[in-house]
Chemist: 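Please find one structure pasted underneath; my questions will follow.
Just so you know, ligand 1 is whichever comes first in the structure, and atom 1 is the first atom listed for that ligand.
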Amino acid sequence: MNNILYLVLPCYNEEAVLNETASQLLAIMTAMMERGMISNKSKIMFINDGSKDHTWEIIESLHKQNPIFSGVCLSRNKGHQNALLAGLMTAKEYADITISLDADLQDDINIIEKMIVKYQQGNEIVYGVRSARKKDTLFKKTTAKCFYKFMKLLGVDIVFNHADYRLMSKTALKALSQFEEVNLFLRGIVPLIGFQSTTVEYERNKRFAGQSKYPLSKMLAFAFDGITSFSIKPIRMITSLGVLIFLISLIALIVFLILKYTGFTVGGWTSIVASIWMIGGIQLLSLGIIGEYIGKIYNETKRRPRYIISKMILQKEDQTII
Ligand code: UDP
Ligand code: MG
């Protein structure tokens, strides 16, 4: 039996690109269906993320023209990540595999087939990775590179140059559904799931119509969200800074005392300066320690799954219950 594939596309004010996207994807899907690569029950699913233009009307009319197009309409704009999750969680009920991609066709749709082949080879997750960013501006290239490097530095395991263009199997999606966090940063969560995974390279195109919904302010907020949702290293940095300043204060104290007894200071200076340094160090250290506990609470509140079972072998020899 062929696999049911659902393409999941979050859309926010995408009326300018939607019809073109739909026709290009339809061509690819029909070709794959004809070759028996995917099931005829496969769908192209648009998630309308509270658009203010005619995005939803277009999705409705696409569905009327061809039931391969389906739609999910969110009650309001909840942002790309939430819209994507809504789509994936809906699709997981009906699909064997999902591929998430942007509605503006920046992600090269010609690698969809390659992704499916990788899935057939046993991968549960296939990450689309940008090989070159020739078409991105220098600013976007550098900021993106810094972001990935910084995340790695903070101990967050993300796939370099991978956005949200990825194939996920039903198994991987079920595991994803166990992550209940509200601050969603899928690029960080998906690698945590585990399972056999691989990458497929592609070149990212320019958005062919409409405007980017990720201006600099949103990009920064996204990066900040990614860091604070995955790393308590910033808290640890405060603790380290506290220890450092406290140690400096001890050395400074010796220096201040020497200065005092060699007569290089005015009366009262030593005690004031020494206490400023010491108290400062102790305060930072205390903040860091409190932060450690907050970090623990933060990790607990996420209620992330502690393990995910991928396979099980169990022979039930004796099923009698006494
Ligand atoms: N998007 C969304 N909700 C938002 C912002 C964006 O669903 O609040 C969708 C958008 O329609 C597109 C994808 O997320 O399909 C990526 O957005 P965009 O292309 O604007 O980002 P960029 O490629 O410029 O980083
Ligand atoms: Mg885009």
Side-chain angles (χ1 to χ4, degrees), residues 6-25 44-59 62 69-91 98-109 111-112 127-148 151 158-166 168 182-188 190 202-226:
Y6 269 51
L7 298 180
V8 177
L9 298 97
C11 315
Y12 178 57
N13 296 344
E14 297 287 11
E15 62 180 8
V17 299
L18 221 50
N19 278 314
E20 177 62 26
T21 305
S23 74
Q24 289 198 25
L25 289 176
I44 302 169
M45 183 180 257
F46 297 104
I47 319 301
N48 175 32
D49 184 18
S51 299
K52 291 175 183 71
D53 62 1
H54 295 105
T55 298
W56 182 245
E57 283 78 6
I58 297 175
I59 296 171
L62 282 169
F69 296 112
S70 66
V72 172
C73 190
L74 300 189
S75 60
R76 49 161 289 198
N77 180 251
K78 292 297 283 178
H80 174 221
Q81 298 287 293
N82 289 311
L84 188 53
L85 186 73
L88 292 176
M89 289 301 115
T90 313
T98 59
I99 295 180
S100 52
L101 64 162
D102 286 359
D104 54 9
L105 290 190
Q106 279 191 285
D107 303 321
D108 181 7
I109 57 173
I111 65 156
I112 289 180
Y127 299 98
V129 169
R130 292 172 223 178
S131 56
R133 281 172 174 264
K134 281 184 211 140
K135 287 164 189 160
D136 269 353
T137 59
L138 184 69
F139 178 72
K140 182 112 188 179
K141 250 189 263 186
T142 346
T143 47
K145 200 168 176 180
C146 287
F147 172 64
Y148 287 108
M151 291 294 273
I158 54 172
V159 180
F160 188 67
N161 263 345
H162 159 71
D164 284 301
Y165 188 17
R166 78 177 84 80
M168 289 181 83
V182 176
N183 291 301
L184 206 58
F185 185 70
L186 286 170
R187 281 169 226 187
V190 176
Y202 72 100
E203 200 172 307
R204 194 162 153 97
N205 302 317
K206 266 212 163 82
R207 173 184 262 278
F208 72 86
Q211 287 210 332
S212 170
K213 275 82 198 174
Y214 270 103
L216 183 64
S217 59
K218 254 198 191 175
M219 240 162 69
L220 286 177
F222 186 61
F224 192 69
D225 221 33

Chemist: Heavy-atom distance under 4.5 Å between the side chains of Ile58 and Phe46, does that happen here?
Modeler: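 Side chain of Ile58 against side chain of Phe46, heavy atoms only: no contact under 4.5 Å found.
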
Chemist: Report the residue from Leu9, Asp104, Leu62 that forms a side chain to side chain contact (heavy atoms under 4.5 Å, CB included) with Thr21.
Modeler: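 Per the side chain to side chain contact (heavy atoms under 4.5 Å, CB included) rule, the option paired with Thr21 is Leu9, out of Leu9, Asp104, Leu62.
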
Chemist: Output, by chain and residue number, all protein N/O/S atoms separated from the Mg ion (ligand 2) by less than 2.8 Å.
Modeler: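 The answer, once waters are left aside, is Asp104 OD2, Gln106 OE1.
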
Chemist: Run the side-chain contact (heavy atoms from CB on, under 4.5 Å) test on Arg204 and Asp107 for me, step by step, so that the C-alpha distance in whole Å, both residues' side-chain angles and the decisive distance to 0.1 Å come before the verdict.
Modeler: CA-CA 5 Å; Arg204 194 162 153 97; Asp107 303 321; 3.0 Å; yes

Chemist: What does the list of residues with a heavy atom under 4.0 Å from ligand 1 look like, ordered by chain and number?
Modeler: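 Residue list for ligand 1: Pro10, Cys11, Tyr12, Glu14, Asp49, Asn77, Gly79, His80, Asp102, Ala103, Asp104, Gln106, Lys140, Arg204, Arg207, Ser212, Lys213, Tyr214, Lys218.
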
Chemist: Under the salt bridge (Lys or Arg N to Asp or Glu O under 4.0 Å) test, which residues partner Asp108, sequence neighbours left out?
Modeler: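 In terms of salt bridge (Lys or Arg N to Asp or Glu O under 4.0 Å), with neighbours along the sequence ignored, Asp108 is linked to no residue.
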
Chemist: Counting only heavy atoms not in His54 (residues, nucleotides, ligands), do more than 12 fall under 6.0 Å from its NE2?
Modeler: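 Not buried by this count: 12 neighbours or fewer within 6.0 Å.
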
Chemist: Over 60° means perpendicular and under 30° means parallel, so classify the ring planes of Phe185 and Phe222, tilted if in between.
Modeler: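 The rings of Phe222 and Phe185 sit tilted, inter-plane angle from 30° to 60°.
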
Chemist: Pair up each side-chain donor or acceptor in residues 71-80 with any protein partner under 3.5 Å, not counting sequence neighbours, and list the distances.
Modeler:
{"unit_1": "Asn77", "atom_1": "ND2", "unit_2": "Asp49", "atom_2": "O", "d": "3.0"}
{"unit_1": "Asn77", "atom_1": "ND2", "unit_2": "Asp49", "atom_2": "OD2", "d": "3.0"}
{"unit_1": "His80", "atom_1": "ND1", "unit_2": "Tyr214", "atom_2": "OH", "d": "3.3"}

Chemist: Among Leu186, Val129, Leu101, which one satisfies side chain to side chain contact (heavy atoms under 4.5 Å, CB included) with Arg166?
Modeler: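 The option that passes is Leu186.
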
Chemist: Can you check whether Tyr165 reaches Ile99 side chain to side chain, under 4.5 Å on heavy atoms?
Modeler: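 In short, these two side chains touch, coming nearer than 4.5 Å.
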
